[in-house]
Amino acid sequence: MSEPASPQVPPADASTEPAPPARFDTLPLDPKLIRAVADSGYLTMTPIQAKAIPIVLQGRDVMGAAQTGTGKTAAFSIPLLQRMLKHENPSVSPARHPVRALVLAPTRELADQVAENVKKYAKHTQLRSVVVFGGVDMKPQTAALKAGVEVLIATPGRLLDHIEAKNCVLNQVEYVVLDEADRMLDIGFLPDLQRILSFLPKQRQTLLFSATFSPEIKRLAQSYLQDPILVETARPNQTASTVEQRFIAATDDDKRAIIKQILKERSIRQAIVFGNSKLGVARLARAFERDGLRTAALHGDKSQDERLKSLDAFKRGEMDVLVATDVAARGLDIADLPAVFNFDVPFNAEDYVHRIGRTGRAGASGLAVTLVTKSDARLIADIEKLIKRKIELDTFEVAPERPRYDRRPRDEGVEREDRPVRVAPPALRAPVKSADPFFDKPYEASTRDEPPAWEKAKAAAPVKGLSSYIKPKKQVAALFGAKKPAPAES
DNA sequence: AAAAAAC
């Protein structure tokens, strides 16, 4: 059971309080849209919505950068629907309904989610939408396309399939949206994207949205836009201020124990744990499962059916933990997610921003914990640079685990029965490595050639704990009869 | 060092 939301209110910091947020019903929108927005429970606009919607309504191209979880989907779908309603083209025979708006997303789940939102906002209108993505039967998609849709939401691969099968014609597209635009423009997606864009009319309105835009991507994006307006709220590449970000020095052996302990000590209802590889994620999910956590896994080696089931079960609260690759890093809106863990430090700093953006959405508070090993020094430096924040590494002492069952093979002649055998995990027989002060100094983004900063800090730094989590040192020492040796001084 | 997206 989840605890009642804590009544704590952030300290009043009225110094930078801007004008009260504008309401949706002040916008020049069709009553059908106003009604749909009201139905969905939204009253006032987020900053990105307040800035972007009027510009999209003017018909301008937009590059929109806003923090994660601030309503970018509504920022483009509502004004696009409005434009489609306003410019309902009577010259097009009712029998022919060409695709007028195309929204592209980098993952199937995200495409699905965007489609749900579009449907929600379009529900009182005649505009029809459909989503197409891979991993599922093409036939229902084909039928829907042939019946005619005004708004098409898609992932690139399957859309190309439909184009080649002549299931849809895109030469009447008036509006294009690239959701998670920087990802869509990256090297892995670019060829498919260019191919798709080649089927579209040159004369169109194009919208690019993401929480992160690197300077290179910004430059590249210019070539797909006409006289665009850059809409930014706050600084780009930023993480929500409501998310508590922690970086903890760990070893590969400690990581899972640290996560479990934090979940327990903070009574965290649900969390996403990100890993860098599909195999690693699958293994980690099985391990959490063995630990008794209700665990769902989400990665590209799973069937689409399994992927959707995992995500749904997690969203419904039937799972404690969702272990995922970066397929879940972007865009996914999971209401009230209290915490995100990075079991692995992401390879791209941008993905760090997106991953932790799954928590602290819509102004809620959230916790983001990244587990850092020695070999992650470079990646941490990249993240520091991107989010323009000094990263300090906390240390963490893992509480002793309950006795484990003996896993030694039978032929060792060990009594196996149900008798638990105390097998101290290697990391706990000696003082745990993560409690070593080597990581304790504020980490300095160092150059490759220099020894990393923690090497220098190793000898001198006192252990500074993550006070809210840390176990009293005594407890560990008492249980394992190990005392922390003085730093080797030779 | 990877993941994602088509069959």
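Letters A, B, ... mirror the listed sequences (proteins, then strands); counts begin at 1. Note that the structure is a prediction, hence the values are computed from the model and not measured.
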Working for side-chain contact (heavy atoms from CB on, under 4.5 Å), residues A:Glu350 and A:Phe213: CA-CA 8 Å; A:Glu350 277 86 6; A:Phe213 276 110; over 6 Å; no
Whole-Å gap separating P (B:dA1) and CZ (A:Phe343): 19 Å
Check every atom of B:dA1, B:dA2, B:dA5 against the side chain of A:Leu379 and return the nucleotide holding the closest atom. B:dA1
Distance (rounded to the nearest 0.5 Å) between A:Leu371 CG and A:Ile262 CD1: 6.5 Å
Consider the side chain of A:His299, meaning its heavy atoms from C-beta on, and name the nucleotide among B:dA3, B:dA4, B:dA5 that approaches it most closely. B:dA4
Without placing hydrogens or testing angles, list every side-chain donor-acceptor pair under 3.5 Å for residues 334-344 of chain A, not counting sequence neighbours.
{"residue": "A:Asn342", "atom": "OD1", "partner": "A:Arg355", "partner atom": "NH1", "Å": "3.0"}
{"residue": "A:Asn342", "atom": "ND2", "partner": "A:Thr370", "partner atom": "OG1", "Å": "2.9"}
{"residue": "A:Asp344", "atom": "OD2", "partner": "A:Asn276", "partner atom": "N", "Å": "2.8"}

Take A:Glu216 and A:Lys218 through the test salt bridge (charged side-chain N to carboxylate O under 4.0 Å, His left out) and record every step on the way to the result. CA-CA 5 Å; A:Glu216 307 87 72; A:Lys218 258 187 189 165; over 6 Å; no
Heavy atoms from C-beta onward define the side chain here; which of B:dA2, B:dA6, B:dA4 lies closest to that of A:Thr155? B:dA6
Rounded to the Å, how far apart are A:Arg355 CZ and B:dA2 P? 14 Å
Spacing of A:Asp344 atom CG relative to B:dA3 atom P, expressed in whole Å: 10 Å
With a 4.0 Å cut-off on heavy atoms, is A:Asn348 in touch with a base, just the backbone sugar-phosphate, or nothing at all? base
Which is it for A:Tyr352 and A:Gln245 under the side-chain hydrogen bond (donor to acceptor under 3.5 Å, both in side chains) test, yes or no, and what are the steps along the way? CA-CA 11 Å; A:Tyr352 172 81; A:Gln245 296 178 61; 2.5 Å; yes
Provide, to the nearest angstrom, the distance between the CG atom belonging to A:Asp351 and the C1' atom belonging to B:dA3. 9 Å
Is the phosphate of B:dA4, meaning OP1 or OP2, less than 4.0 Å from a side-chain N or O of A:Arg108? no
Carboxylate-amine/guanidinium proximity below 4.0 Å for A:Asp326 and A:Arg183: no
Tell me which residues in residues 323-333 of chain A put a heavy atom below 4.0 Å from DNA chain B, sorted by number, or none. A:Thr325, A:Val327
NA contact type, A:Asp161, heavy-atom cut-off 4.0 Å: base, sugar-phosphate, or nothing? base
Which whole-number value in Å describes the distance from A:Phe347 CZ to B:dA4 P? 12 Å
Between C1' on B:dA3 and NE2 on A:His354, what's the gap in Å once rounded to a whole number? 14 Å
Shortest side-chain distance from A:Arg183, nucleotide among B:dA6, B:dA1, B:dA3: B:dA3
How would you label the contact of A:Gly134 with the nucleic acid (heavy atoms, under 4.0 Å): base, sugar-phosphate, or nothing? sugar-phosphate
Quick one: is A:Thr107 getting a side-chain N or O under 4.0 Å of the B:dA5 phosphate, OP1 or OP2? no
Audit row: A:Arg246, A:Glu392, salt bridge (charged side-chain N to carboxylate O under 4.0 Å, His left out) steps and yes/no: CA-CA 8 Å; A:Arg246 294 287 197 166; A:Glu392 286 188 46; over 6 Å; no
Using whole Å, what does the distance between atom C1' of nucleotide B:dA5 and atom NZ of A:Lys302 come to? 19 Å
